[in-house]
**Student:** 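Please see the structure below; I have some questions.
Along the sequence shown, the residues carry numbers beginning at 1.
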Amino acid sequence: MRVPRPSLSPEAPRPQATFTNQIPAERRYWVLAAVMLVQFISILTSTIVSTAAPTIVDELHGLDLYAWLFSSYMLASSVTVPVVGKLSDLFGRRPFYIAGLILFLLGSAVSGFSQNMSELIAARAVTGIGGGAMMALGATTVGDIFSPRERGRWMGLIMSVFGLGSIVGRWSADSSPTISAGAGSSTSTCPSGSWRWLRS
């Protein structure tokens, strides 16, 4: 006589993490914080450099190229935003975001070692390429990892970083002795080359 075997109840499925565009849902706030930090550093650097521009131009004897100190960055970033945005749709965000961050840091470091205005303008263009990539992918990343209902709230937070970076950058430029020297303050005792530390 065959004895019936007790039926084993199937194992309950293990809960799996919810993913939003290949990012676990519990990590998306870390991603948001990283995006905000990168955007803040980007706008902060640009604001401080604009304060130090008069002394930079005076030291490198490039008054005739003064406008290109800012135009090179703006043109490079403006061209980069749509290009990187399209390529990141095809190949993913991460490689372009990392590449943009590396180019931004590399351009900033090279700017600090520039010996003439042409080198500085070229370095600023490289910085602009990196800045444009970070600008494009910052907003796109938020759109990827949050639902349409949540995007408005977090995009507003990202945009507020630009205003905060401008205020803090200007305040630090006015209150820091090193940056004041770079801006040409006659009361500061810091060396004229202090502006190079802003870029590197």
Side-chain angles (χ1 to χ4, degrees), residues 17-53 68-112 120-173 179 198-200:
T18 304
F19 283 80
T20 55
N21 195 32
Q22 306 305 317
I23 298 176
E26 64 270 12
R27 295 184 183 177
R28 59 183 181 174
Y29 295 105
W30 289 103
V31 176
L32 177 65
V35 169
M36 292 177 61
L37 179 61
V38 170
Q39 299 282 13
F40 178 76
I41 296 298
S42 176
I43 191 65
L44 183 69
T45 303
S46 300
T47 305
I48 294 176
V49 168
S50 65
T51 305
W68 281 102
L69 186 61
F70 306 98
S71 298
S72 59
Y73 182 96
M74 294 301 299
L75 287 173
S77 62
S78 298
V79 171
T80 303
V81 167
V83 174
V84 170
K86 180 61 177 179
L87 292 177
S88 67
D89 289 338
L90 300 175
F91 303 105
R93 316 289 187 205
R94 180 182 295 180
F96 292 98
Y97 206 93
I98 294 175
L101 182 58
I102 292 174
L103 285 175
F104 184 85
L105 295 175
L106 180 63
S108 298
V110 173
S111 297
L120 181 58
I121 290 170
R124 287 281 292 167
V126 174
T127 307
I129 295 174
M134 293 188 298
M135 184 183 302
L137 297 180
T140 308
T141 301
V142 173
D144 285 341
I145 64 178
F146 290 102
S147 66
R149 180 180 298 179
E150 298 175 298
R151 286 175 193 169
R153 181 199 315 168
W154 301 117
M155 283 299 299
L157 191 61
I158 290 289
M159 293 299 107
S160 67
V161 170
F162 286 89
L164 180 63
S166 300
I167 295 172
V168 173
R170 184 63 187 177
W171 174 80
S172 61
I179 300 175
L198 303 179
R199 306 303 305 145
S200 57

**Student:** Take T141 and V31, measure what side-chain contact (heavy atoms from CB on, under 4.5 Å) needs, and give me the verdict at the end.
**Tutor:** CA-CA 8 Å; T141 301; V31 176; 3.8 Å; yes
**Student:** How many angstroms lie between OG1 in T140 and CD1 in I145, if you round to the nearest 0.5 Å?
**Tutor:** 11.5 Å
**Student:** Within a strict 4.5 Å, meaning less than it, do heavy atoms of the L103 and T127 side chains meet?
**Tutor:** no
**Student:** Look up atom CE in M36 and atom OH in Y29, then write down how far apart they are to the nearest 0.5 Å.
**Tutor:** 13.0 Å
**Student:** Minimum heavy-atom separation for A133 and G100, please, with both atom names.
**Tutor:** CB-CA, 3.9 Å
**Student:** Compare every heavy atom of S111 with every heavy atom of A123, then report the nearest pair and how far apart it is.
**Tutor:** CB-OG, 3.2 Å
**Student:** Show me the pairs that pass side-chain hydrogen bond (donor to acceptor under 3.5 Å, both in side chains) and involve residues 72-85, at least two apart or across chains.
**Tutor:** none
**Student:** How many angstroms lie between atom CZ of F96 and atom NZ of K86, to the nearest 0.5 angstrom?
**Tutor:** 12.0 Å
**Student:** Could you walk me through whether F70 and L75 satisfy the side-chain contact (heavy atoms from CB on, under 4.5 Å) test, starting with their C-alpha distance in whole Å, then the side-chain angles of each, then the deciding distance to 0.1 Å, before giving a yes or no?
**Tutor:** CA-CA 9 Å; F70 306 98; L75 287 173; over 6 Å; no
**Student:** Decide yes or no for L157 and S160: does some side-chain heavy atom of the first lie under 4.5 Å from some side-chain heavy atom of the second?
**Tutor:** yes
**Student:** Residues two or more places apart in sequence or in another chain: which of them pass side-chain hydrogen bond (donor to acceptor under 3.5 Å, both in side chains) with S88?
**Tutor:** R93
**Student:** State the CG-CG distance between L137 and L87, to the nearest 0.5 angstrom.
**Tutor:** 10.0 Å
**Student:** Provide the closest heavy-atom pair for M134 versus Q39 in the form atom of the first, atom of the second, distance.
**Tutor:** O-NE2, 3.2 Å
**Student:** Quick one, V35 and Y97 - any side-chain contact, counting heavy atoms below 4.5 Å?
**Tutor:** yes
